Amino acid sequence: MSVRPIIRFPDPLLKTPCAPVSVFDEGLRKLATDLLDTMRAAPGVGITAAHIGVLQRITVLELSREDGVRTYVNPEIIWFSEETMRHMEGSVSTPGFTDEIVRPKAIRFRYQDIDGQAHEAEAEGFLAICIQHEVDQLDGLFWLQRLSKLKRDRLVKRWEKAKA
């Protein structure tokens with residue numbers, strides 16, 4: 001399909017909540033394919049439609065080629081474990097910049113597949129971290145907002161210096 005341009009931080013679209021998907025058609029399938037192609041080209045392990053300026057609740061993950069592609073439409077986290085884990089996170093919208101984030105180690109979530117069928121699933125570890133990261137993005141919460149003010153300010157300063 002096609003690799004689309006990725007919106008870069010601090011574009012305000014990255015802090016804009018995405019609208020639920022209501023039409024499950026060939027256009028949605030093409031969007032999912034474009035997201036996968038764009039994510040692989042970035043490269044990354046997850047991407048949302050917001051990263052390419054489309055404010056719809058769809059995300060594509062591919063933690064590894066062996067693991068396969070996962071497409072979640074209208075994902076919603078319905079339970080978080082009390083146990084947490086630390087993980088280095090970044091974004092296709094801030095390439096080359098990462099920092100450690102603490103998130104719940106396990107989640108339960110609802111989503112629809114590309115055909116509109118409803119599902120509920122559980123995830124743990126790296127998959128749970130990735131889903132939380134992408135759902136945050138769909139909710140208009142860019143990953144930098146999960147950092148302390150001090151860490152966020154330092155990273156933003158480095159980002160601005162790198163872009164100059």
Side-chain angles (χ1 to χ4, degrees), residues 1-7 9 11-94 98 101-147:
M1 292 296 157
S2 66
V3 173
R4 298 210 202 168
I6 294 174
I7 292 173
F9 175 81
D11 192 301
L13 286 177
L14 295 170
K15 289 186 178 180
T16 305
C18 294
V21 171
S22 57
V23 177
F24 295 81
D25 62 3
E26 194 53 42
L28 185 65
R29 287 183 197 290
K30 181 179 179 343
L31 175 59
T33 302
D34 288 356
L35 285 171
L36 178 61
D37 292 344
T38 303
M39 179 189 70
R40 284 177 173 167
V45 296
I47 193 168
T48 67
H51 287 110
I52 61 168
V54 178
L55 297 176
Q56 290 190 304
R57 292 187 70 83
I58 179 172
T59 185
V60 174
L61 299 175
E62 185 179 44
L63 307 187
S64 70
R65 293 283 177 134
E66 300 77 40
D67 187 49
V69 177
R70 302 166 192 257
T71 301
Y72 300 116
V73 181
N74 299 324
E76 171 190 13
I77 299 172
I78 55 176
W79 174 83
F80 298 93
S81 68
E82 289 184 27
E83 186 179 359
T84 60
M85 66 183 281
R86 296 176 178 278
H87 196 273
M88 292 302 285
E89 294 189 28
S91 173
V92 295
S93 292
T94 53
T98 61
I101 307 278
V102 177
R103 292 189 185 268
K105 184 177 180 179
I107 60 168
R108 186 172 310 117
F109 64 109
R110 284 187 206 120
Y111 68 96
Q112 290 171 281
D113 62 28
I114 201 75
D115 297 314
Q117 295 298 311
H119 300 273
E120 192 169 300
E122 294 183 2
E124 190 173 329
F126 185 50
L127 176 59
I129 296 296
C130 292
I131 292 169
Q132 291 173 76
H133 177 100
E134 303 305 345
V135 168
D136 272 357
Q137 184 63 66
L138 294 171
D139 291 340
L141 183 67
F142 193 63
W143 75 277
L144 296 178
Q145 294 169 267
R146 290 277 181 196
L147 296 172

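Small disclaimer: the values here were computed from a predicted structure and weren't measured. FYI, the numbering just counts along the sequence from 1. For the numbers below, each heavy atom of this structure counts, side chains included, while hydrogens, waters and symmetry mates do not.
- Under the 4.5 Å side-chain criterion, counting only non-hydrogen atoms from C-beta, Glu124 is not in contact with Glu83.
- In this structure, Ile78 and Glu76 have side chains that are in contact, with non-hydrogen atoms separated by less than 4.5 Å.
- Annotation: side chain of Arg57 is not in contact with side chain of Thr48 (no heavy-atom distance under 4.5 Å).
- Residues Gln117 and Phe24 are not in side-chain contact: their nearest non-hydrogen atoms beyond the backbone lie 4.5 Å or more apart.
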Please set out all donor-acceptor pairs under 3.5 angstrom arising from side-chain atoms of residues 13-22, sequence neighbours excluded.
from, atom 1, to, atom 2, distance (Å)
Thr16, OG1, Pro12, O, 2.9

For a side chain to side chain contact (heavy atoms under 4.5 Å, CB included) check, start with the C-alpha distance between Leu61 and Val45, then their side-chain angles and the critical distance, and finish with the verdict. CA-CA 6 Å; Leu61 299 175; Val45 296; 5.8 Å; no
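- Put simply, the side chain of Asp136 never gets that close to the backbone of Leu141: no donor and acceptor are under 3.5 Å apart.
- Side-chain atoms of Asp113 come within 3.5 Å of backbone atoms of Asp115 as a donor-acceptor pair (strictly under, hydrogens ignored).
- Between Val135 and Phe109, the closest side-chain pair of non-hydrogen atoms is not below 4.5 Å.
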Between Gln56 and Leu138, does the side chain to side chain contact (heavy atoms under 4.5 Å, CB included) criterion hold? Intermediate values first, please. CA-CA 8 Å; Gln56 290 190 304; Leu138 294 171; over 6 Å; no
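- Applying the side chain to side chain donor-acceptor pair (under 3.5 Å) rule to Gln145 yields no partners; only residues at least two apart in sequence or on another chain are considered.
- Shown here is Glu120, whose CD atom has more than 12 heavy atoms of other residues, nucleotides or ligands within 6.0 Å.
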Could you go through the side chain to side chain contact (heavy atoms under 4.5 Å, CB included) check for Lys105 and His87 one step at a time? CA-CA 10 Å; Lys105 184 177 180 179; His87 196 273; over 6 Å; no
Side chain to side chain contact (heavy atoms under 4.5 Å, CB included) between Ile101 and Arg86, worked out: CA-CA 6 Å; Ile101 307 278; Arg86 296 176 178 278; over 6 Å; no
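- In this structure, Leu31 CG and Ile58 CD1 are separated by 5.0 Å, a value rounded to the nearest 0.5 Å.
- Side chain of Gln132 to main chain of Ala128: a donor-acceptor pair is present (N/O by atom type, distance under 3.5 Å, no hydrogens or angles).
- In this structure, the separation between CG on Asp34 and CE on Met39 is 12.5 Å, given to the nearest 0.5 Å.
- Put simply, CG on Asp11 and NE2 on His51 are 11.0 Å apart, with the number rounded to the nearest 0.5 Å.
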Run the numbers on Ser93 and Trp143 for side-chain hydrogen bond (donor to acceptor under 3.5 Å, both in side chains), then give the verdict. CA-CA 10 Å; Ser93 292; Trp143 75 277; over 6 Å; no
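- A heavy-atom distance below 4.5 Å is found between the side chains of Arg103 and His133.
- Between the side chain of Thr38 and the main chain of Val3, no donor-acceptor pair closer than 3.5 Å is present.
- Phe142 pairs by the ring-ring contact (aromatic ring centres under 6.0 Å, His included) definition with Phe9, not counting sequence neighbours.
- Of the possible polar contacts, none joining the Arg110 side chain to the Ile77 backbone as a donor-acceptor pair under 3.5 Å is found.
- A salt bridge is absent between Glu62 and Arg70: the closest approach of a Lys/Arg side-chain nitrogen to an acidic carboxylate oxygen does not fall below 4.0 angstrom.
- Just one of Ile52, Leu35, Ile47, Asp37 meets the side chain to side chain contact (heavy atoms under 4.5 Å, CB included) condition when paired with Arg4; it is Ile52.
- His119 and Tyr111 have parallel rings, their planes meeting at less than 30° on a 0 to 90° scale where 60° marks the start of perpendicular.
- For the pair Asp25 and Arg29, the salt-bridge criterion is not met [side-chain N within less than 4.0 Å of a carboxylate O].
- Residue-environment remark: CZ (Arg108) exceeds the threshold of 12 foreign heavy atoms within 6.0 Å.
- Within the 4.5 Å cutoff, the side chain of Ser2 has heavy atoms near those of the Lys30 side chain.
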